[in-house]
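Heavy-atom basis, side chains included; hydrogens, waters and symmetry copies ignored. Below, chains carry the letters A, B, ... as their sequence lines are ordered, and counting in each starts from 1. Not measured: the values here are computed from a predicted model.
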Protein chains: 4
Amino acid sequence: MRRVPQQARSRAMVERIIEAARTVLVRDGYESFTTNRVADEAAVSPGSLYQYFPDKSALVTEVMDRWSAEISDRVAASLAATGPVDVKDPGTVRAIADALLTAIESDAGLLRIVWEELPAVRHRAAQHSLENRVRELLAVYLSASGVTARDPSARAWVIVMAVENVAVRWVLDQPGISREALLDELSAMAGGFGAS
Amino acid sequence: MRRVPQQARSRAMVERIIEAARTVLVRDGYESFTTNRVADEAAVSPGSLYQYFPDKSALVTEVMDRWSAEISDRVAASLAATGPVDVKDPGTVRAIADALLTAIESDAGLLRIVWEELPAVRHRAAQHSLENRVRELLAVYLSASGVTARDPSARAWVIVMAVENVAVRWVLDQPGISREALLDELSAMAGGFGAS
Amino acid sequence: MRRVPQQARSRAMVERIIEAARTVLVRDGYESFTTNRVADEAAVSPGSLYQYFPDKSALVTEVMDRWSAEISDRVAASLAATGPVDVKDPGTVRAIADALLTAIESDAGLLRIVWEELPAVRHRAAQHSLENRVRELLAVYLSASGVTARDPSARAWVIVMAVENVAVRWVLDQPGISREALLDELSAMAGGFGAS
Amino acid sequence: MRRVPQQARSRAMVERIIEAARTVLVRDGYESFTTNRVADEAAVSPGSLYQYFPDKSALVTEVMDRWSAEISDRVAASLAATGPVDVKDPGTVRAIADALLTAIESDAGLLRIVWEELPAVRHRAAQHSLENRVRELLAVYLSASGVTARDPSARAWVIVMAVENVAVRWVLDQPGISREALLDELSAMAGGFGAS
DNA sequence: CATGAATGAGTTTTCATTCAT
DNA sequence: TATGAATGAAAACTCATTCAT
């Protein structure tokens, strides 16, 4: 029998549980997300689950926190890969939207759960992390670019909401629009304000 | 004891149940939405409830169907009140967005439940009716106006999604932006495409 | 199939549950007193139990309330059977103690549970009903008789406690003392104060 | 690292555990008395606890045995301090009751748990040690004094029970009677028998 | 010996649904 | 048809106890 350091053992167990939670969430949906089912899926006893998470919602929160961290990482990675963001360039919005799409496309299953099944009230923080990420990114561009509006913060808010929600819906609803066409429209939408 | 025609009695009962369901949904949230509670609220026995609805989710579906019909009606009513929609007028988007806001503002409580608490999977049809309504309206404008795009249907889809989601989030999140400013931004967003 | 009026049906069920609770309490003790076990014993589903009692402790409370009412009734009945209580008569204490013994002897099983197993904190009211009963009865005698003390209320309290506890311990511990001898001692104890 | 003889280490561990058990019992009550909590409080692993105690109830028993030994010691100490017990002196009962009060007052917290929360069945021996102690003491006095009764052992039993229970209730219920008044009544009660 | 992670049967309670009346 | 008492499977969570290290 292999020697496994304690630390490693518990880490492995936590990982197994979180992984199982994610699986159950995506496979069965939030209404069927039971602590017992997660324990089953993780091949772990219900008691063990409660040694690492104070209650069911802590489990969900953890899954969501990880998911939002992943999104952030992926957005950052995509942007880095695209090269430096020139804040004056109207292509910026496109790059950001592109990065965002890349990030959320990678786990559409969980995206659907987060967006459509989780009771928002209970998980607002993690749920809005996407928003925050997009807001941060666009804020830089918007303030730097020549875009003007009577109420700049209103404009920023509207653009963030629009880009975020349209991107999510495109991934979830598969409306038969090409990725390129979508990006075209999104940058037109944000950039077009210039003419207003 | 007055004789009440069966048909009428049943109709009244169904109405009472649906009304109670809506009340419970808005007052207590979806997590506390139990068939027993609805029966209580309707002053009806649980057994009766099951005489008209095969299961709990049918009840929710019915509430949502009615709600989306109301939204449609209100949008139509608002537009009618504003006067005829001139399809060439860039003010059209503003009018539509205005009508949409008016419609959803009138029952923000239920809007929140529908948007943030209901498991979307089970009620996709009703939930998407808003989109369909807006899509129909904008489709007319977009096709008639000079707005051109490489992919007109993509453009329409994006605008619909953007307007709808931004409007809903504005109502639910109360982001401290005036109604007028919001409408300004929304029409700029849609209209701005012209320059693209 | 016999027609049973609703009212009668639920009454019967409540009775079955309370009876089962009492049985389980006496047979298995408080630590094994489970809602599921009570439901089993009553041949009723756990759900039914909760239709009549808000929680486990309400069940216990009900059993205890009934038990203390029974005790009261039996004490009253015994005293009535003995004939009128002459408040000046030193035999009064004996009569009261006798009545008390008769009352608690009739359900020594439950007496043991109440006295030795129930967490006092949670059921103080019902648990002290014996005390109250004894206090009331003796209060009349003590105030009317020539018994004097520097602090009459202290004397009353001491006698009540002594009679009550000694009687209970005699029933529960079966110390090999005859009923008559016990009554002799108790009245000597209370009456003897006269000489102090 | 200092070498600690095994024996000594185990003794220290046992002590720590028992001490922790007592603390938890008094601080949190019997319903919250869990082996894990005791282990925590003792800064010891649950596994270690089970190396010295076969199960939870053995732990409780040990705490109670120690407690009753302490009571005995304190009673003895109080009596010793008061001076020699003159077996003919009617003040003897007073001295004994006084000693008893002193003993149980010193740890009213644990007294309450023992008297009101612990399932008596499981710990009868320890719980009755108080009685035994008092019985022994009073037995000497009663047999030596001129007190006569038809059944002397019955009389002894009654007095022991009365003194013990009244003393305990006085400590736990705080009935607003002075210590002196209580002692007066107790000795009157026991001594008054003389007149019977 | 000591550890403490892991266990899993068991606890209280809920609620969608049924069915005899 | 309407009732509502009854159901019972299942949920979240606990805790005395074990055993590999």
Side-chain angles (χ1 to χ4, degrees), chain A residues 1-14 31-39 43-57 59, chain B residues 4 6 9-10 13 31-40 44-59, chain C residues 1-14 31-39 43-57 59, chain D residues 4 6-7 9-10 13 32-40 44-59:
Chain A
M1 222 163 285
R2 235 163 27 83
R3 282 279 218 112
V4 182
Q6 295 296 4
Q7 195 68 4
R9 184 126 53 90
S10 17
R11 266 199 80 72
M13 175 141 266
V14 171
E31 298 209 277
S32 304
F33 180 82
T34 338
T35 52
N36 284 338
R37 205 186 280 223
V38 172
V44 144
S45 83
S48 298
L49 195 155
Y50 281 89
Q51 215 148 43
Y52 299 102
F53 301 91
D55 55 22
K56 182 183 166 174
S57 91
L59 235 190
Chain B
V4 181
Q6 293 301 355
R9 209 177 332 146
S10 322
M13 181 151 246
E31 300 213 37
S32 303
F33 179 83
T34 64
T35 52
N36 288 328
R37 209 186 277 222
V38 171
D40 263 19
V44 146
S45 85
S48 300
L49 193 154
Y50 277 85
Q51 216 129 45
Y52 298 102
F53 300 90
D55 56 22
K56 184 184 168 177
S57 91
L59 235 189
Chain C
M1 224 165 286
R2 234 162 29 83
R3 279 282 215 111
V4 182
Q6 295 295 4
Q7 194 68 5
R9 183 128 52 92
S10 18
R11 267 200 79 72
M13 175 140 266
V14 172
E31 298 209 278
S32 304
F33 179 83
T34 338
T35 52
N36 282 338
R37 205 186 279 223
V38 171
V44 144
S45 84
S48 299
L49 195 154
Y50 280 88
Q51 214 148 43
Y52 298 102
F53 301 91
D55 55 23
K56 182 183 166 174
S57 92
L59 234 191
Chain D
V4 181
Q6 293 298 355
Q7 194 67 7
R9 210 176 333 143
S10 322
M13 181 151 244
S32 304
F33 180 83
T34 65
T35 52
N36 288 329
R37 208 186 278 222
V38 171
D40 262 19
V44 145
S45 86
S48 301
L49 194 154
Y50 277 85
Q51 216 130 45
Y52 297 102
F53 300 91
D55 57 21
K56 185 185 169 178
S57 91
L59 235 189

Relative to the 5' end of DNA chain F, which residue comes earlier, Pro54(A) or Gly47(D), by the nucleotide with the nearest heavy atom?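 Result: Pro54(A).
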Mapping Ser45(C) and Asp55(D) to their closest nucleotides on DNA chain F, which lands nearer the 5' end?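 The answer here is Ser45(C).
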Does dT14(F) have a Watson-Crick or wobble partner in any strand here, with both distances under 3.5 angstrom, and which is it?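 Across all strands, the one nucleotide that pairs with dT14(F) is dA9(E).
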In Watson-Crick or G-U wobble terms, both distances under 3.5 Å, what is the partner of dT21(F)?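 Base-paired to dA2(E).
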With the side chain of [X] defined as its heavy atoms from C-beta on, choose the nearest nucleotide among [options].
{"X": "Tyr50(A)", "options": "dA12(F), dA16(E), dT7(F)", "answer": "dA12(F)"}
{"X": "Pro46(B)", "options": "dA5(F), dC15(F), dT13(E)", "answer": "dA5(F)"}
{"X": "Ser48(A)", "options": "dT17(F), dT7(E), dC15(F)", "answer": "dT7(E)"}
{"X": "Asn36(A)", "options": "dG4(F), dT18(F), dA12(F)", "answer": "dA12(F)"}
{"X": "Gln51(A)", "options": "dA5(E), dT13(E), dG8(E)", "answer": "dA5(E)"}
{"X": "Lys56(D)", "options": "dT17(F), dC13(F), dA6(F)", "answer": "dT17(F)"}

Checking the side chain of Thr34(C) only, and the main-chain atoms of Ser32(C) only, is there a donor and an acceptor separated by less than 3.5 Å?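 Yes; judged by distance alone, with no hydrogens or angles, the pair exists.
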Can you tell me the distance, in whole Å, between the [atom1] atom of [X] and the [atom2] atom of [N]?
{"X": "Leu49(B)", "N": "dC15(E)", "atom1": "CG", "atom2": "P", "value": "15 Å"}
{"X": "Met13(A)", "N": "dG4(E)", "atom1": "CE", "atom2": "C1'", "value": "13 Å"}
{"X": "Phe33(C)", "N": "dT13(E)", "atom1": "CZ", "atom2": "P", "value": "11 Å"}
{"X": "Phe53(B)", "N": "dT18(E)", "atom1": "CZ", "atom2": "P", "value": "16 Å"}
{"X": "Asp40(D)", "N": "dT3(E)", "atom1": "CG", "atom2": "P", "value": "12 Å"}

Can you see if the side chain of [X] gets near the phosphate of [N] - specifically, an N or O under 4.0 Å from OP1 or OP2?
{"X": "Thr35(A)", "N": "dA12(F)", "value": "yes"}
{"X": "Tyr52(D)", "N": "dA2(E)", "value": "yes"}
{"X": "Ser10(C)", "N": "dA5(F)", "value": "no"}

For a side chain to side chain contact (heavy atoms under 4.5 Å, CB included) check, start with the C-alpha distance between Phe53(D) and Thr35(D), then their side-chain angles and the critical distance, and finish with the verdict. CA-CA 11 Å; Phe53(D) 300 91; Thr35(D) 52; over 6 Å; no
Grab the two heavy atoms, one from [X] and one from [Y], that are nearest each other, plus how far apart they are.
{"X": "Leu49(B)", "Y": "Ala39(B)", "result": "CD1-N, 4.1 Å"}
{"X": "Tyr50(A)", "Y": "Asp55(A)", "result": "CE2-CA, 3.9 Å"}
{"X": "Tyr52(A)", "Y": "Met13(A)", "result": "CE1-CG, 3.6 Å"}

